[in-house]
Amino acid sequence: MKSFSASCADEEPEVAHGLQLDLKHSVCRAVLDGASAHFDVKLEIGALADKDPSKEVFKVECLFDLTYTLAAAYHPQPAELEAFQKGNAVFHCWPYMREFVQSATQPM
């Protein structure tokens, strides 16, 4: 994990039936460097109160720095790199994000 932030509402909003979760992801950097591919993947999770969706209960943002070693003599095409960053790179970060969100939000 390269960086993270977690915040919660100043006042706890009323929640009747659960939270609405908003998940966003983006790749901020994708670089080929010799036999390696490097990605910065940003994941954000926000929780909104179901009684008033304009009130955020908490928000967690994480930026992951991923490095993959490429097979010898493999040079991915731009379309392959883009497909990998949109699918695999985000998918590989998800278990770490899930654990971090659980650990960070329990005390909130």
Please check this pair: side chain of Gln106 against backbone of Ser103, looking for a donor-acceptor N/O pair closer than 3.5 Å. no
So CG of Leu66 and CZ of Arg29: to nearest 0.5 Å the spacing works out to 9.0 Å
Open item on the list: Less than 4.0 angstrom from a charged side-chain N to a carboxylate O is my criterion; do Lys24 and Asp22 meet it?
Closed with: yes
Scanning both residues in full, the closest heavy-atom pair of Leu63 with Asp40 reads CD1-CB, 4.0 Å
Here the gap from Thr67 atom OG1 to His38 atom NE2, rounded to the nearest 0.5 Å, amounts to 5.0 Å
Sorted by chain and residue number, the salt bridge (Lys or Arg N to Asp or Glu O under 4.0 Å) partners of Glu82 (sequence neighbours excluded) come out as Lys86
Leu70-Val27 co-clustered via ILVMFWY side chain contacts under 4.5 Å
yes
* To do: Find out if a path of hydrophobic residues (ILVMFWY) with successive side-chain heavy-atom gaps under 4.5 Å connects Val57 to Leu21.
  => yes
Check whether Leu19 and Val101 end up in the same hydrophobic cluster, where Ile, Leu, Val, Met, Phe, Trp and Tyr are linked by side-chain heavy atoms less than 4.5 Å apart.
yes
Separation between CE (Met1) and CG (Leu43), nearest 0.5 Å, reads 9.5 Å
Exercise. Linking I/L/V/M/F/W/Y whenever their side-chain heavy atoms sit closer than 4.5 Å, directly or via other members, would Val41 and Trp94 fall into one cluster?
Worked result: yes
Checking side-chain contact (heavy atoms from CB on, under 4.5 Å) for the pair Val90/Phe39: CA distance, chi angles, key distance, verdict?
-> CA-CA 10 Å; Val90 172; Phe39 303 93; over 6 Å; no
Interatomic distance, SG@Cys62 vs CE@Met97, rounded to 0.5 Å, equals 4.5 Å
- Task: Determine the interplanar angle of the Phe84 and His92 rings, folded into 0 to 90°, and report it as parallel if under 30°, tilted if 30 to 60°, perpendicular if over 60°.
- Result: perpendicular
Review point. If we only count heavy atoms from C-beta on, is the Val60 to Phe100 side-chain gap below 4.5 Å?
Key: yes
Report task. Just do the side-chain contact (heavy atoms from CB on, under 4.5 Å) check on Tyr74 and Glu80 with the steps written out, would you? Result -> CA-CA 11 Å; Tyr74 174 65; Glu80 293 173 304; 3.3 Å; yes
**Item:** Parallel, tilted or perpendicular: rings of Tyr96 and Phe64 (30°, 60°)
**Value:** tilted
dist Tyr68:OH -> Gln85:CD (nearest 0.5 Å) comes out at 11.0 Å
Q: Would you check if Pro76 and Leu32 make a side-chain contact, meaning some heavy-atom pair closer than 4.5 Å?
A: yes
dist Phe58:CZ -> Ser7:OG (nearest 0.5 Å) comes out at 10.0 Å
Q: Please test Lys59 against Glu44 for side-chain contact (heavy atoms from CB on, under 4.5 Å), starting from the C-alpha separation and ending with a verdict.
A: CA-CA 7 Å; Lys59 184 174 187 174; Glu44 303 173 49; 3.7 Å; yes
Fill in: Trace of the side-chain contact (heavy atoms from CB on, under 4.5 Å) decision for Lys42 with Glu61
CA-CA 7 Å; Lys42 183 178 182 181; Glu61 298 178 3; 4.0 Å; yes
